[in-house]
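Inspection log for the structure reproduced underneath, given as structure tokens.
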Amino acid sequence: MRLSRFFLPILKENPKEAEIVSHRLMLRAGMVRQEAAGIYAWLPLGFRVLKKIEQIVREEQDRAGALELLMPTLQLADLWRESGRYDAYGPEMLRISDRHKRELLYGPTNEEMITEIFRAYVKSYRSLPLNLYHIQWKFRDEQRPRFGVMRGREFLMKDAYSFDIDEAAARRAYNRMFVAYLRTFARMGLKAIPMRAETGPIGGDLSHEFIVLAETGESGVFCNSDVLDLPVPSDDVDCQGDLSGIISQWTSVYAATEDVHDAARYEREVPADKRVSTRGIEVGQIFYFGTKYSDAMKALVTGPDGADVPIHGGSYGVGVSRLVGAIIEACHDEAGIKWPEAVAPFTAVILNLKQGSEDTDAACEKLYRELQARGVDVLYDDTDQRAGAKFAAADLIGIPWQILVGPKGLAEGRLEIKRRSDGSRENLSPAEVVAKIAG
RNA sequence: CGGAGUAUAGCGCAGCCCGGUAGCGCACCUGCUUCGGGAGCAGGGGGUCGCAGGUUCGAAUCCUGCUACUCCGACCA
């Protein structure tokens, strides 16, 4: 992508409403624009990141055996009356009526709808286990939206729903999602710690929140620093195999949000030098809720003995749009964002330090073509701004690799490559640059 | 949902007390000079001053009502 043809409305000054760093940087980097309280338009740069995150979530859900579908944003009120949540959900639910005065709502979550779909088709225990998920916009009419996309009213969420014949099978489904979540967040460059959590209004008795440690997080958290060094399951983990060893490894180390924090146990189990008391951002939560919805909505399957039984369910959410902010909270410095490569809007940016000069133009064009040919997502800053402005913009938008092409280096046949994450620099030949980034 | 504020150009702000027909910095456009860490000079474009009423010869400014947004707290993927 040529920057001169891209849409990147960078701001030099800080918008006054943005209090936390991720919100400030997202606005300054031209990633989002606020359209109403807690409602954002995703501009091209932000949209690229959102899509990368979404794709990682999707790949790990698929790996875990979940099946993607897509449910609508609007749902009929009657569906929610069946579960009893239409009234219980309260003013956070956005209620709408259509021209026929039918009552609808903009979905804040989809347990009811997925249960309705499930019960319409699945009749036998032999169709289980089943895990269906979608990645769709949700709306929760928060009393006080804030912190940009970290707590918007409209947000993109991955929500998966598992269906199993009994509790033991449901716990295996829960474990598969637990492992998928460990992998998902690690692939994005985040340390997300699973913490025992309250089940809240969704119900059930087993739940973990996945928390990214950050001073600007909304909830207080307490954990044993050992949990930060636990190994994340690798690519070849057998999701259909026995995962209980991994789960117990992760859940035996103390980690809790302030809501369920047990100070006595914390002090008893965690040595003083390993106590971490900080704040965190919730990026995912998983629940096992048993037969709560299948009882209320009569989602029954016929078991091996011929008797109908309610299925055991779980639901598993990832805040996809929130993750964009969470990653920035975890990865930035004074100059701007430092995207982990896996979610970066572009892998590399070419900075032509003397636009209009024959030598640098030719070298940049060649490099740009070669990187593209090698499948690298590359941004070419071909604007006629001065070098300093290009450096500042590149640092701000956080592209992992900056390739500096200027007359000084070219005189010796060299380009300078700067790594955004640690600021390290190397002088390399063009071929070496291509090999390093594409290879 | 309690409390406190704000609304003037794309962004950040001044002007309002004391009414007289809107200004500054950044950004944008043109030209020249610059050119490896957010350049300089000169010229230029852009605002029914959140909306609706009222007072007045005259309202960004005073009065009334409304709306939107922000911050602190209680609450949430």
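In what follows, chains carry the letters A, B, and so on, assigned in the order in which the sequence lines appear, proteins first and then strands, with residues in each chain numbered from 1.
Heavy atoms of A:G152 sit under 4.0 angstrom from at least one base atom.
Using a 30° and 60° split on the angle between ring planes, A:Y161 and A:H134 fall in the tilted class, from 30° to 60°.
Residues of residues 386-396 of chain A that place a heavy atom closer than 4.0 Å to RNA chain B, in numerical order, are A:R386, A:A387, A:G388, A:A389, A:F391, A:A392, A:D395. Residues of residues 325-336 of chain A having a heavy atom closer than 4.0 Å to RNA chain B: none are found. A heavy atom closer than 4.0 Å to some atom of RNA chain B occurs in A:E416, A:K418, these being the qualifying members of residues 410-423 of chain A.
Between the base of B:C75 and the side chain of A:R151 there is a donor-acceptor pair shorter than 3.5 Å.
In this structure, A:E258 atom CD and B:C76 atom C1' are separated by 13 Å, rounded to whole Å. If you measure from atom CG of A:L8 to atom C1' of B:G38, you get 14 Å, rounded to the nearest angstrom. In this structure, CZ of A:R153 is placed 11 Å from C1' of B:C69, rounded to the nearest angstrom.
A ring pair (Phe, Tyr, Trp, His ring centres under 6.0 Å) check over residues 340-368 of chain A, counting only residues at least two apart or in different chains, returns the pairs A:F6-A:F346, A:Y368-A:Y380.
For A:R187, the salt bridge (charged side-chain N to carboxylate O under 4.0 Å, His left out) criterion is met by A:E59, A:E60, not counting sequence neighbours.
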How would you summarise protein contacts on nucleotides 1-15 of chain B per nucleotide, using B for base, S for sugar-phosphate only and - for none, with heavy-atom distances below 4.0 Å?
B----S----BSS--

